[in-house]
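Chain naming here is simple, since letters A, B, ... match the order of the sequence lines and numbering starts at 1 in each. None of these values were measured; they are calculated from a predicted model.
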There are 2 protein chains.
Amino acid sequence: MSLRGRPVRVKFAYQQVADEIQKQIFDGSIKPGERLPGEHELAEMFGVTRSTVREGLRQLENDGLVHRPSPRRLEVCLPGTDALTSRASRTMMMMGVTFRDLWQVSMVTEPLAAELAAQNITDPEKVELRAIHARLSAITDDMLLVSKIDTQFHSFIAEATKNRVLTMAREPVSMLLYRGFAQVAPLAKIALPRQAEAHTHIVEAICAHDADLARTWMRRHINDFWKAIQNANLQDSVPAELPSEDE
Amino acid sequence: MSLRGRPVRVKFAYQQVADEIQKQIFDGSIKPGERLPGEHELAEMFGVTRSTVREGLRQLENDGLVHRPSPRRLEVCLPGTDALTSRASRTMMMMGVTFRDLWQVSMVTEPLAAELAAQNITDPEKVELRAIHARLSAITDDMLLVSKIDTQFHSFIAEATKNRVLTMAREPVSMLLYRGFAQVAPLAKIALPRQAEAHTHIVEAICAHDADLARTWMRRHINDFWKAIQNANLQDSVPAELPSEDE
DNA sequence: GAGTCGTTTAGTGTCTGACAGTCCGACATA
DNA sequence: TATGTCGGACTGTCAGACACTAAACGACTC
């Protein structure tokens, strides 16, 4: 016979506190933006010490369920994607993903993004998309800035799809590719006109709600990027940390 | 003139502790699997109190960089994807993603997975894939179990691609779709033979390293699933929490 | 020697209590 | 209305303590 033994998980006090608060956030007892009571009060409510509450809060903070604009303010907030993307890309980096891996995925997500964006973009978004494109076109020398705005360009298209799943799935990939772009950029100055052309076509196709065309051009665009990576012989290398993270 | 004021960010002690340990993990000073000194010792090393160290450790624990099999053992570990996927799917759920969103993404990720799996699957993996398929085929009544094994089936294919980016990107999506599957399953019993057929073709194509065929069948398979969702009129609804999370 | 069984002990989880620095909100002032 | 001042509340950090448990250790059997 087989004895089914589920691991008895001991519930530590700080865990219970975190779970309880989390539950109240999920079921709507506490609404996003609302302030939480002070640690002292929380401690009294849960019948534990402030230290215990603190450890629980720290966990919620890491989960992105509460936010501390200043040490004094502790407010509930729905978890954004920021924390997730940075963690995801960090994990990918540590797992040793290669540019090839990133490219293979981008090769399907980016065209999809373009396609869906063409279907769902709003008029105000069109204006902004064109603005980003214009800003990108204006740069001719600072390749690092080019890669930065380019990443922004793609992210904006993804957001225009209104598909959060796609947004979340591609964001970490995009972040890592950005680093790759920054690495190959100096070598790829020659490809700039070609990139600009692709971008123009993508923007126009999306704004014209031509999903097929948008997808096609995006596909081409990503492929170009891949060729640049290959020229730099980076296919199987791992994205590196960027030197600085200043604005 | 423009006065540039970057927000002064105070580095709290527990943050510094966490950062320092994290840095030592990243640069390889501490290797995965190794044990960390006790809290008391760490406190002495960093010149802070145990409480402070604790808060820092809690953060690393949440990040998945250290692991506590029991309260006594504190060991370094490379962050797995488990914590990320559960967090990601939770976030998606709270953002109110619909089955349509999930399907749109799966429609590109799953065929890609099949394609790459066909290229990269190893012989031992073929055996296991067939085993999962057989296990799935044997079930005829328990639709909930079907959806569970089906999820496993797809995840296994994704792992066979050896592309960690794809694995990580699709896992949360798969998790949420699983819930959807569990919801429509009772209604979709009729579609079971069709699903079995698709699975068979997918398995054979992958094992024969026929990437195109694998992609095609996977595409068809996902489309079938979408039709089931439509029949249940769930396209724009949000995946619900499953009743229980036993074994 | 390998495996089993107590015993010891180090280390965690939690608590009490405290203090300095700081931020918030309100009040007063112009 | 906008600015200066002030008290109070609250956080981050500290020191020290205690119960309880799991890991390490040694004793004991085969």
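In this structure A/E75 satisfies the salt bridge (Lys or Arg N to Asp or Glu O under 4.0 Å) test together with A/R73, sequence neighbours excluded.
Of the side-chain N and O atoms in B/S70, one or more sit less than 4.0 angstrom from OP1 or OP2 of D/dA23.
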Could you list all N or O pairs between the protein and nucleotides 15-17 of chain C that sit under 3.5 Å apart?
| unit_1 | atom_1 | unit_2 | atom_2 | d |
| --- | --- | --- | --- | --- |
| C/dC15 | OP2 | A/T49 | N | 3.0 |
| C/dC15 | OP2 | A/T49 | OG1 | 2.7 |
| C/dC15 | OP2 | A/T52 | OG1 | 2.5 |
| C/dC15 | O5' | A/T49 | OG1 | 2.6 |

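In this entry the distance linking NE2 of A/H40 with P of D/dT11 reads 10 Å, nearest Å. B/F12 places its CZ atom 15 Å from the P atom of C/dG21, with the value rounded to the nearest Å. The nearest whole Å value for the distance from the CG atom in B/L74 to the P atom in C/dG11 is 12 Å. Rounded to whole angstrom, the span from the CD atom of B/E41 across to the P atom of C/dG11 amounts to 8 Å. If you take CZ of B/R54 and P of C/dT14, they are 7 Å apart, rounded to a whole angstrom. Separating the CD atom of A/E55 from the P atom of D/dT11 is a distance of 16 Å, rounded to the nearest angstrom. Separating the CG atom of A/L57 from the P atom of D/dG12 is a distance of 9 Å, rounded to the nearest angstrom. Atom CD in B/E75 sits roughly 13 Å away from atom P in C/dT12 (whole-Å rounding).
Comparing A/R35 and B/R68 by the nucleotide of DNA chain C that holds the closest heavy atom to each, the one mapping nearer the 5' end is B/R68.
Within a 6.0 Å sphere centred on CZ of B/R90, heavy atoms belonging to other residues, nucleotides or ligands number more than 12.
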Inset, instruction - Check step by step if side chain to side chain contact (heavy atoms under 4.5 Å, CB included) holds for B/F225 and B/I229. - result: CA-CA 6 Å; B/F225 175 65; B/I229 292 277; 3.8 Å; yes

Inset, instruction - Start with the C-alpha distance between A/Q59 and A/Q15, add both sets of side-chain angles, then the distance that settles side chain to side chain donor-acceptor pair (under 3.5 Å), and finish with yes or no. - result: CA-CA 8 Å; A/Q59 180 160 334; A/Q15 263 293 339; 3.3 Å; yes

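Under the 4.0 Å criterion applied to side-chain N and carboxylate O atoms, B/E61 and B/R58 are assigned as salt-bridge partners.
Distance from the side chain of B/E39 is smallest for C/dT12 among the nucleotides C/dT12, D/dG12, C/dT14.
Donor-acceptor pairing under 3.5 Å is lacking for the side chains of B/D150 and B/S147. A donor-acceptor pair shorter than 3.5 Å can be found between the side chains of A/Q24 and A/E20.
Checked by distance alone, B/R72 brings a side-chain donor or acceptor within 3.5 Å of a matching partner on the base of C/dA10.
Classification of the A/H133-A/F153 ring pair by plane angle, with boundaries at 30° and 60°, yields tilted.
Test A/T49, A/T52, A/L74, A/L57 against A/E39 for side-chain contact (heavy atoms from CB on, under 4.5 Å) and you get one pass: A/L57.
Comparing the axis of the opening five pairs of the helix from C/dG1-D/dC30 to C/dA30-D/dT1 with that of the closing five pairs yields an angle of 30°, rounded to 10°.
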